[in-house]
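First comes the structure, then the notes that go with it.
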Amino acid sequence: MKVVIIKYNAGNVQSVMYALERIGASYELSDDAEVIRSAERIIFPGVGEASTAMKSLRESGLDKIIPKLKQPFLGTCVGMQLLCESSEENNTECLGVFDIPILKFPRVKGFKVPQTGWNNIVSPESEWTNPLCKGLRASEYVYYNHGYYAPLCDYTVAKTDYILEYSAMLQRDNFFAAQFHSEISGDVGEQIFKNFLEI
Amino acid sequence: MLTKRIIPCLDIKDGRTVKGTNFVNLRDAGDPVELGAEYARQGADELVFLDITATVEERKTLLDLVRRVAHTINIPFCVGGGIGSVADVSKLLNAGADKVSINSSAVRNPQLINELALEFGSQCIVVAIDTRYIANENSFQHIVHTHGGRKPTELKTIQWAKEVEDRGAGEILLTSMDTDGTKAGFAIELTAEISDNSNIPIIASGGAGTMEHFYDVFTTGKADAGLAASIFHFKEIGIPELKNYLKNKQIPMRI
């Protein structure tokens, strides 16, 4: 299985690489269009700020390539947000794979923003139906660190409640996305990576 | 629901885990890689690694340790000690740290917080504040200390906490030198006051001796996370029993 992690100017991917090593997957870190197109699985990680990340993708031309990819694709954290239509973080136009906006958490007393820590994901239906969630219990804890969120929509695969209910995971065709950091979300995060490799 | 976090802290000296009382009298507490892995298995919500020697010769040993720990554990991992520049942070993140904790260098050069937040994002910048209560004829207040709590500064703890948030810190690791190592409980009032005035998470540290102390710091103290070292290293309190105890008392916990 050839897994490629997309390399771009959006923070540290070391934890993603270690997580893949722990589940025995081999990978390549690349920003080369041909290497990415020929991958069997693609992981699009991200930490940091949306407009800087989009600028980096535009400069390398990856903004045109990513939405046309056909193989299973997983965006995490800022990687998920960039797959959406736009982000309220510095009013950034994003890749538009999911035609929903990324919004800023409202200020509500008693809730610190960004959300930092472990919160639970649940299925919007009575049980998990998405292949990415195979083997998960009805409610599982994952690690979050984010100040912006994707609203609930037709693509919602998992939801979380913080200030309001929002999309923890999304899917459209071959594009999967998770707002939390699977790479440091304990056994649950590892299960999600394993599921992604088995899709 | 967002849970409260239980964070074991490994104080590292010469590649080993140590723990003292009031920052002195260090005792050996084992291999950091093994301990880190064990804590992750037991359900720790995060791991903090503080390099308390941090001399130039020992930095390489530290980076190698960070690499081995990060490779082994699957929970967030924060590393601190002797960090003074963007380059230092870059090396630690590339070794596998998810966050870094800065302390004395932030007091010396507050602009460093802004620089690190801009370069790496607030989410990975933890500012550690060591505080001690000082009472004399003219004043009595919490004052920020540096150099492992030995050296007082001019900074008032409550104001400094606000300033580090404004400069872009993502979390505050608040250690009370008055309670650290005493096992008499966290500095509840100070933690509550700082948490009430912050929009970033407060990790309370110093003084944990019983499970009830954690309950107090999460309720009255309004902390977002509780950090401890020796009570976990010397198996006085097990992480699973602590988390079960707190969950039974209606504190949101990841079990």
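Everything numeric in this text was worked out from a predicted model, so none of it was measured. Numbered from 1 within each chain, the chains take letters A, B, ... in sequence-line order.
In this structure, no portion of Glu49(A) lies under 4.5 Å from any heavy atom of chain B. For chain A, the nearby part of Glu171(B) is the side chain; its heavy atoms alone come within less than 4.5 Å. Using a 4.5 Å cut-off between heavy atoms, Ile7(B) makes no contact with chain A at all. Proximity to chain A is absent for every atom of Ser122(B), based on heavy atoms less than 4.5 angstrom apart. Of the atoms belonging to Ala40(B), not a single heavy atom falls under 4.5 Å from chain A. For chain B, the nearby part of Phe111(A) is the backbone; its heavy atoms alone come within less than 4.5 Å. Both the backbone and the side chain of Thr116(A) have a heavy atom closer than 4.5 Å to some heavy atom of chain B. Residue contact with chain A, scored on non-hydrogen atoms closer than 4.5 Å, involves the backbone of Ala95(B) exclusively. Contact annotation for Arg5(B): only side-chain heavy atoms (C-beta onward) come within less than 4.5 Å of a heavy atom of chain A. Contact annotation for Asp196(B): neither backbone nor side-chain heavy atoms come within less than 4.5 Å of a heavy atom of chain A.
Note on Glu140(A), Met17(A), Glu190(A): by heavy-atom pairs under 4.5 Å with chain B, the leading option is Glu190(A). Considering only heavy-atom pairs separated by less than 4.5 Å from chain A, the leading option among Pro201(B), Pro76(B), Ala70(B) is Pro76(B). Of the listed residues (Glu46(B), Arg67(B), Lys4(B)), the greatest number of heavy-atom pairs within a distance under 4.5 Å of chain A belongs to Arg67(B).
One finds no salt bridge joining Glu40(A) and Lys2(A) here, because no Lys/Arg side-chain nitrogen approaches an Asp/Glu carboxylate oxygen to under 4.0 Å. We find that Lys104(A) and Glu89(A) are not joined by a salt bridge, their nearest charged nitrogen and carboxylate oxygen being 4.0 Å or further apart.
Annotation: Tyr8(A) is in aromatic contact with Phe44(A) [ring centroid separation under 6.0 Å]. For an aromatic pair to be called close, the ring centres must be under 6.0 Å apart, and His146(A) with Tyr162(A) fails this.
A tilted orientation is assigned to the rings of Phe175(A) and Phe73(A), their planes being inclined by 30° to 60°.
Using a distance-only test at 3.5 Å, with no hydrogens or angles considered, a donor-acceptor pair links the side chain of Arg22(A) to the main chain of His71(B). No donor-acceptor distance shorter than 3.5 angstrom exists from the side chain of Asn174(A) to the backbone of Pro72(A), with no hydrogens or angles considered. At distances below 3.5 Å, not a single donor-acceptor pair connects side-chain atoms of Ser87(A) with backbone N or O atoms of Ala50(A).
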Practice problem: Check step by step if side-chain contact (heavy atoms from CB on, under 4.5 Å) holds for Ile66(A) and Leu83(A). | Solution: CA-CA 9 Å; Ile66(A) 290 171; Leu83(A) 288 174; 4.1 Å; yes

